[in-house]
Amino acid sequence: IMKSVEVINTYKIFTKEFQDCNVEEVVEEIKENGFFVFKNAITHEAISKIERDATELKLGLNHNEINGVYFEKQYYFTNLLTKSKTFYNFVTSKFVLDVSEKYLGNTFRLKALRYYETYGKHQMQWHTDNKTDKSFAHIPGIIFIFYISDVEDGQFQYIRGSHNWSGEKAYSEYSEEFVNKNFKEKVKNF
């Protein structure tokens with residue numbers, strides 16, 4: 001009986017303020033700047049549930065279940081769809097699907113659906129995500145990122161407008177010096 005009640009009374013993923021978000025305006029902002037920001041779009045309850053789902057077996061040894069892995073200074077859970085109904089509901093939400101379709105067209109796929117934690121002293125190089133294990137590739141895409149907790153140092157950064165020219169370079173990694181010299185004023189911190 002309890003499971004039936006839980007399924008019927010699923011809580012909202014998006015905050016009331018976000019539910020009125022105009023998809024057309026979101027897509028236009030992404031086309032212009034390469035990103036869209038909406039603070040507090042996801043409810044605290046949904047974020048807590050996704051975090052619990054991703055981390056409950058963080059150090060699970062001798063478990064015959066899907067769980068995350070540690071690699072250097074990060075923890076990854078790459079199979080979050082298998083573990084979190086809340087995350088599944090986010091990924092398949094009308095908002096995510098509508099934005100994806102309006103930005104990418106009616107043929108697209110959802111991939112790289114993961115949760116990760118980055119620990120202190122981890123250094124990630126400036127890069128594009130349109131690369132494969134073999135080479136650079138022209139793959140249109142969109143990334144949805146939301147933070148589980150506040151970030152004091154090491155936040156996600158994006159060069160405003162780089163989605164318009166990064167594909168022309170045919171390489172996917174950039175040095176800190178190159179970015180600071182050429183794009184410092186266009187770096188957006190999240």
Side-chain angles (χ1 to χ4, degrees), residues 10 12-43 46-47 49-51 53-54 66 68 74 76-118 124-148 151 155-174 179 182-183 186-190:
T10 57
K12 301 285 185 210
I13 291 178
F14 297 107
T15 61
K16 186 174 183 338
E17 298 80 18
F18 186 77
Q19 290 174 19
D20 297 329
C21 190
N22 183 312
V23 170
E24 296 292 338
E25 290 175 14
V26 171
V27 172
E28 285 308 309
E29 195 165 327
I30 293 170
K31 286 179 180 177
E32 181 179 336
N33 296 312
F35 60 86
F36 168 79
V37 177
F38 194 107
K39 292 183 179 181
N40 300 314
I42 300 175
T43 66
I47 287 172
K49 179 72 173 119
I50 291 168
E51 181 180 28
D53 292 341
I66 295 173
Q74 292 184 307
Y76 287 90
F77 194 107
T78 57
N79 296 301
L80 195 52
L81 284 177
T82 65
K83 198 75 168 160
S84 179
K85 175 71 169 145
T86 305
F87 184 70
Y88 173 85
N89 289 341
F90 166 76
V91 169
T92 60
S93 69
K94 182 171 176 25
F95 174 78
V96 169
L97 296 176
D98 285 352
V99 168
S100 298
E101 182 177 359
K102 288 185 186 327
Y103 187 73
L104 299 169
N106 62 0
T107 302
F108 62 89
R109 68 182 175 135
L110 302 172
K111 66 176 219 160
L113 310 165
R114 64 183 180 258
Y115 167 97
Y116 65 92
E117 296 175 4
T118 302
M124 184 172 286
Q125 185 168 337
W126 282 96
H127 66 279
T128 65
D129 283 342
N130 50 348
K131 58 188 178 297
T132 67
D133 59 346
K134 294 180 177 46
S135 66
F136 184 85
H138 294 281
I139 305 168
I142 187 168
I143 300 171
F144 294 85
I145 296 175
F146 58 90
Y147 283 105
I148 299 295
V151 176
Q155 69 278 8
F156 176 76
Q157 295 178 301
Y158 183 82
I159 299 172
R160 185 183 310 270
S162 62
H163 64 296
N164 293 321
W165 54 261
S166 64
E168 298 168 5
K169 304 292 184 197
Y171 55 92
S172 61
E173 294 189 353
Y174 300 83
V179 170
N182 297 289
F183 303 106
K186 291 188 175 191
V187 172
K188 168 71 174 160
N189 292 292
F190 295 85

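Since the model is a prediction, treat every value here as computed from it, not as a measurement.
For K83 against D53, the heavy-atom pair with the smallest separation is CG-O, 3.4 Å. The two residues T92 and L97 have their closest heavy-atom pair at O-CD1, 3.4 Å. Looking at every heavy atom in both residues, M124 comes nearest to H127 through SD-CE1, 3.5 Å. When all heavy atoms of T86 and K49 are compared, the pair lying nearest together is OG1-CG, 3.0 Å. Here the shortest heavy-atom pairing between G68 and F77 reads N-CD1, 3.3 Å. Listed here is the closest heavy atom pair of V99 and F144: CG1-CZ, 4.0 Å.
In this structure, the side chains of L110 and L81 stay at 4.5 Å or more apart for every pair of heavy atoms. In this structure, the side chains of F90 and F14 come closer than 4.5 Å at one or more pairs of heavy atoms. Between H163 and F35 the shortest side-chain heavy-atom distance does not fall below 4.5 Å. Considering only heavy atoms from C-beta on, R114 stays 4.5 Å or farther from L80 through its side chain. Between E51 and Y115, some side-chain heavy-atom pair lies under the 4.5 Å cut-off. Within the 4.5 Å cutoff, the side chain of I50 has heavy atoms near those of the F146 side chain. You'll find the side chain of C21 reaches within 4.5 Å of the side chain of F36, heavy atoms only. Put simply, the side chain of S166 reaches to within 4.5 Å of the side chain of Y174, judged on heavy atoms.
Between the side chain of T15 and the backbone N or O of N40 there is at least one donor-acceptor pair closer than 3.5 Å. Remark: the backbone N or O of V96 is paired with a side-chain donor or acceptor of S100 at under 3.5 angstrom. Counting only distance, with no hydrogens or angles, the side chain of N79 and the backbone of T82 share no donor-acceptor pair below 3.5 Å.
Annotation: the span from Q74 atom CD to T118 atom OG1 amounts to 3.5 Å, rounded to 0.5 Å. The distance from the NZ atom of K188 to the CD atom of Q157 is 11.0 Å, given to the nearest 0.5 Å. Annotation: the span from N189 atom CG to Q155 atom CD amounts to 4.0 Å, rounded to 0.5 Å. Taken to the nearest 0.5 Å, the CD atom of E117 stands 11.5 Å off from the OH atom of Y76. How far CZ of F108 is from NZ of K102: 10.5 Å, rounded to the nearest 0.5 Å. Rounded to the nearest 0.5 Å, atoms CD1 (I13) and CD (Q19) are 10.5 Å apart.
Residues F190 and F156 bring their aromatic ring centres within 6.0 Å. Annotation: F183 is not in aromatic contact with W126 [ring centroid separation under 6.0 Å not met].
Around OH of Y88, the count of heavy atoms belonging to other residues, nucleotides or ligands within 6.0 Å does not exceed 12.
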